[in-house]
Amino acid sequence: MEKIMILNGSPRAPRSNSKQYAALFEKYSRLPTETFSVTGPKAGEIGKKIQEFSHVLLVFPLYADGLPVPLLRFLKEWEQNGFPGKPTVSVLINCGFLEPEQNDVAIDMVKLFCRKNGLTFGSVLKIGSGEAILQTPFRWLVERKIRRLAANMEKGTWSVQRVTMPLTKNMFLKASTKYWESYGKKNGIPRDEMATMSIEKETNVR
Ligand SMILES: Cc1cc2nc3c(=O)[nH]c(=O)nc-3n(C[C@H](O)[C@H](O)[C@H](O)COP(=O)(O)O)c2cc1C
């Protein structure tokens with residue numbers, strides 16, 4: 001029987017946008033799904049269970065134009081363990097910038113992984129403005145695409161879809177600057193501090 005393993009590849013999995021995208025996919029998928037996080041408590045089970053699934057849906061954020069490290073690590077381990085089930089691999093990726101095409105290099109990395117390992121690459125949904133869109137009136141645009149992704153995976157019709165907020169770059173920049181400034185203010189971090197690398201030294205998530 002066909003079923004889908006959803007793998008959340010976000011380093012901040014329990015509080016991630018990817019978690020919300022994965023939950024929407026679960027809501028719309030008519031094929032049975034089970035969700036794991038590559039960093040979560042069930043991560044150790046993934047290797048053993050993955051061969052039970054006909055599809056793997058990688059749900060993850062764009063990090064520095066590529067894949068987040070925990071996901072890279074997972075793919076390496078998966079490669080070492082082999083692919084007895086040969087699942088089809090699909091991608092639901094989101095990035096902070098407005099343009100869904102920012103995600104293309106990361107998608108190519110997953111395609112290359114599949115090609116190298118003889119796995120079928122399935123469908124893609126690339127989301128721009130992924131940090132924000134679910135909290136805006138444009139949420140329905142994403143839900144519609146996720147529903148279509150689920151239907152396509154069920155039918156085995158491979159598709160590439162994109163979605164973002166229908167804003168100009170200028171409007172998006174203004175809105176996102178305002179958002180991050182007020183987020184910083186809430187956490188006692190002024191704009192000039194956010195613009196320096198010292199923000200990276202913060203270890204406490206506030
Ligand atoms: C370390 C780091 C690197 C990021 N790099 C990019 C990037 O290169 N391009 C981009 O558009 N967004 C980038 N983002 C934004 C994330 O892709 C975006 O916030 C996403 O919604 C996070 O998803 P998550 O909550 O599932 O982890 C980055 C975020 C972080 C924390």
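Just so you know, these numbers use all the heavy atoms, side chains as well, and skip hydrogens, waters and symmetry mates. Read the numbers this way: they start at 1 and go in the same order the structure lists the ligands and their atoms. Fair warning: this is a prediction, and the values are worked out from it, not measured in the lab.
Within the 4.5 Å cutoff, the side chain of Tyr21 has heavy atoms near those of the Ile127 side chain. Contact of the Trp78 side chain with the Val56 side chain is registered, since non-hydrogen atoms from C-beta on lie closer than 4.5 Å.
Considering backbone and side-chain atoms alike, Arg15 places every N or O at 3.5 Å or more from each N or O of ligand 1. For Gln102, no nitrogen or oxygen atom sits less than 3.5 Å from a nitrogen or oxygen atom of ligand 1, counting backbone and side chain alike. Where the criterion is an N or O separation shorter than 3.5 Å, residue side chain and backbone included, Asn94 meets it with respect to ligand 1. For ligand 1, none of its N or O atoms has an N or O atom of Pro11 under 3.5 Å away. The shortest N or O to N or O distance between Cys95 and ligand 1 is not under 3.5 Å.
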Check against side chain to side chain donor-acceptor pair (under 3.5 Å), Glu26 and Thr35
CA-CA 8 Å; Glu26 279 184 318; Thr35 301; 2.8 Å; yes

Working note: Lys185 + Glu181, criterion salt bridge (Lys or Arg N to Asp or Glu O under 4.0 Å); need CA distance, chi angles, decisive distance, verdict.
CA-CA 6 Å; Lys185 206 167 163 189; Glu181 279 178 8; over 6 Å; no

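The side chain to side chain contact (heavy atoms under 4.5 Å, CB included) test with Leu7 is passed by exactly one of Val89, Leu57, Ile46: Ile46.
Interface of Ser10 with ligand 1, defined as ligand atoms under 4.0 Å from a residue heavy atom, comprises 24 (P), 26 (O), 27 (O). Short contacts between ligand 1 and Glu131, defined as distances under 4.0 Å to a heavy atom of the residue, involve ligand atoms 18 (C), 19 (O), 20 (C), 21 (O), 22 (C). Every atom of ligand 1 is numbered from 1 in the order shown, and the set under 4.0 Å from a heavy atom of Phe97 is 9 (N), 10 (C), 11 (O).
Legend: residues meeting side-chain contact (heavy atoms from CB on, under 4.5 Å) with Arg147, ordered by chain and number and at least two apart, are Tyr28.
Contacts with ligand 1 closer than 4.0 Å are made by no heavy atom of Lys19, backbone or side chain. Contact annotation for Ala64 and ligand 1: only backbone heavy atoms (N, CA, C, O) come within less than 4.0 Å of the ligand.
A donor-acceptor pair shorter than 3.5 Å can be found between the side chains of Gln102 and Glu99.
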